[in-house]
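Below you'll find the structure, written out as structure tokens, and then a few comments.
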Amino acid sequence: MGNCFAPISSNSSSTETSPRDTAPNPSTTQIGEPNEEQRLQPTSIGSNREISSSGPSRRQSTTLGRLNKHKRTSSLFSMVGPSLDALRNYATLPNPQNSLSASTLLLSSKTCLAVFDAYPKAKYHFLVLPRYPFPPQSDPESKESITSLNSLNDLKSILLKTTPSAREEILQNMNNMANEVEEMIRDEMLKSEGFEWKVDIGFHAIPSMKHVHLHVISDDRISPSLKTKKHHNSFRPDLGFFIPIMEVQRWIEDDSNMQERVDALSGAEQLLNTPLTCHKCDEFISNIPKLKTHLEKHFQDERSSALKHIARHGRQRSSDEEIF
DNA sequence: GTTCTAGAAC
DNA sequence: GTTCTAGAAC
């Protein structure tokens, strides 16, 4: 709920396409005016709907699209919900902006994609993934890849199985797109709630889906899909399971103990069993329903103090100013 | 990853 | 009796 975007125009030159830019106009409304079903149902990472039904003009007929979707999910996929390699399917599409619907794909560039998380754990939650083949910076039009598909399996393989230059290029491109997604989120926060709040960007130490992905998630953590202690712990930036991308950037600046760092990632699973406490105020919370009430209160408090501040000073103090 | 449900916690 | 979690199944 609440994780839907009004139409957003990206002003960054790094982004080459988005479905809204390229598709005929129905897609413009998909993000901006989702129906209640789209709002509440997960968007489509897992369902594989509308993936590369390579026929012409997928989006021209809504009815046809829906029929296809249901046919595909019932006959081809026994499991309801996301397939564990849905992201890899996306990442290897030669033409994602033509193959993915606007409710799945947020942004695409020559090197990366940003997609809606199918089970968002906050009001805003997106995934940024590197595409394969991953073209070199020196020749973005090339069909060559600076790294193998296997090296894009997860953060571990990025850190250990790529050349230092490829590693830096991949992480830099992912970071750039994540920053762009954050800007879009902040625009939407202002439009929908009148103020901005924190956005976290990072990897999971132990990912649940194949193909490395960077989470871009708002720090409210208010979402019907957040159902367990492990869900909440997996996004706490202070626990060690969620690795902020800034930290990974520091790791590659001095990679002398990279192997130790990667080994530590594998041991991170037990962190998910950490007792449930609020990630904002550290208060112990006995169960998930109480956490939800608690987080809702934090959100309303933040909102009212931000709105008061804006009323007094005409603008919101940016998070940068708060830190420095 | 999600869904389902038995049994623990209240 | 109801709520909630955690583990099995998918």
Side-chain angles (χ1 to χ4, degrees), chain A residues 1 3 37-51 69-70 72-93 100-101 103-106 113-130 152-157 200-218 221-236 239-243 265-266 268-279 283-297:
Chain A
M1 262 191 297
N3 52 336
E37 187 185 4
Q38 284 172 312
R39 204 180 279 266
L40 295 173
Q41 293 301 317
T43 47
S44 49
I45 284 178
S47 62
N48 285 350
R49 69 187 176 193
E50 295 187 48
I51 289 186
K69 177 183 74 179
H70 289 132
R72 290 179 63 87
T73 41
S74 58
S75 62
L76 295 178
F77 298 92
S78 56
M79 195 172 58
V80 177
S83 116
L84 295 179
D85 41 32
L87 296 184
R88 173 135 296 171
N89 294 340
Y90 295 169
T92 53
L93 288 172
L100 298 175
S101 75
S103 59
T104 299
L105 183 65
L106 181 70
L113 303 178
V115 299
F116 288 76
D117 191 293
Y119 300 95
K121 302 301 189 292
K123 288 176 183 285
Y124 302 94
H125 187 180
F126 297 88
L127 306 177
V128 171
L129 30 146
L152 298 177
N153 279 349
D154 52 24
L155 179 59
K156 203 166 159 176
S157 58
D200 292 311
I201 300 175
F203 298 93
H204 276 163
I206 301 171
S208 50
M209 284 177 289
K210 188 155 81 180
H211 203 79
V212 64
H213 51 281
L214 184 57
H215 292 269
V216 183
I217 182 172
S218 57
R221 305 306 197 289
I222 293 172
S223 165
S225 295
L226 197 157
K227 294 177 175 174
T228 68
K229 181 172 75 173
K230 289 187 183 190
H231 287 158
H232 186 249
N233 280 339
S234 74
F235 288 103
R236 290 194 61 138
L239 256 196
F241 191 90
F242 183 87
I243 321 276
L265 292 181
S266 318
E269 191 169 8
Q270 62 196 50
L271 295 169
L272 297 179
N273 295 321
T274 306
L276 189 60
T277 62
C278 173
H279 65 290
E283 183 180 321
F284 175 80
I285 315 268
S286 56
N287 59 44
I288 293 294
K290 283 175 183 159
L291 176 72
K292 287 179 179 289
T293 310
H294 182 94
L295 293 179
E296 196 63 54
K297 181 166 190 312

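Note on naming: letters A, B, ... go to the chains in the order of the sequence lines (proteins, then strands), and numbering restarts at 1 for each one.
- Rounded to a whole Å, the CG atom of A:Asp85 is 16 Å from the P atom of B:dT2.
- Between A:Lys121 and A:Leu226 the shortest heavy-atom distance is O-CD1, 3.6 Å.
- For A:His231, taking side-chain heavy atoms from C-beta onward, the closest of the listed nucleotides B:dT3, C:dT5, B:dT2 is B:dT2.
- For the pair A:Glu269 CD and B:dG1 C1', the interatomic distance rounds to 13 Å; values are reported in whole Å.
- A:His215 pairs with exactly one of A:Phe235, A:Phe203, A:Tyr119 by the ring-ring contact (aromatic ring centres under 6.0 Å, His included) rule, that one being A:Phe235.
- When the side-chain nitrogen and oxygen atoms of A:Lys121 are compared with OP1 and OP2 of B:dG1, none of them lie within a distance under 4.0 Å.
- Atoms CG (A:Asn233) and C1' (C:dT5) sit 14 Å apart, rounded to a whole Å.
- Atom CD1 of A:Ile288 is separated from atom P of C:dT3 by 17 Å (rounded to the nearest Å).
- If you take NZ of A:Lys227 and C1' of B:dT2, they are 7 Å apart, rounded to a whole angstrom.
- With rounding to whole Å, A:Leu272 atom CG is found 8 Å from B:dG1 atom P.
- Between the P atom of B:dG1 and the CZ atom of A:Phe241 lies a distance of 7 Å, rounded to the nearest Å.
- Across all non-hydrogen atoms, the minimal contact from A:Ser223 to A:Lys292 is O-NZ, 2.9 Å.
- Separating the CG atom of A:Asn287 from the P atom of C:dT3 is a distance of 12 Å, rounded to the nearest angstrom.
- A:Asp154 approaches A:Pro207 most closely through the heavy-atom pair CB-CG, 3.9 Å.
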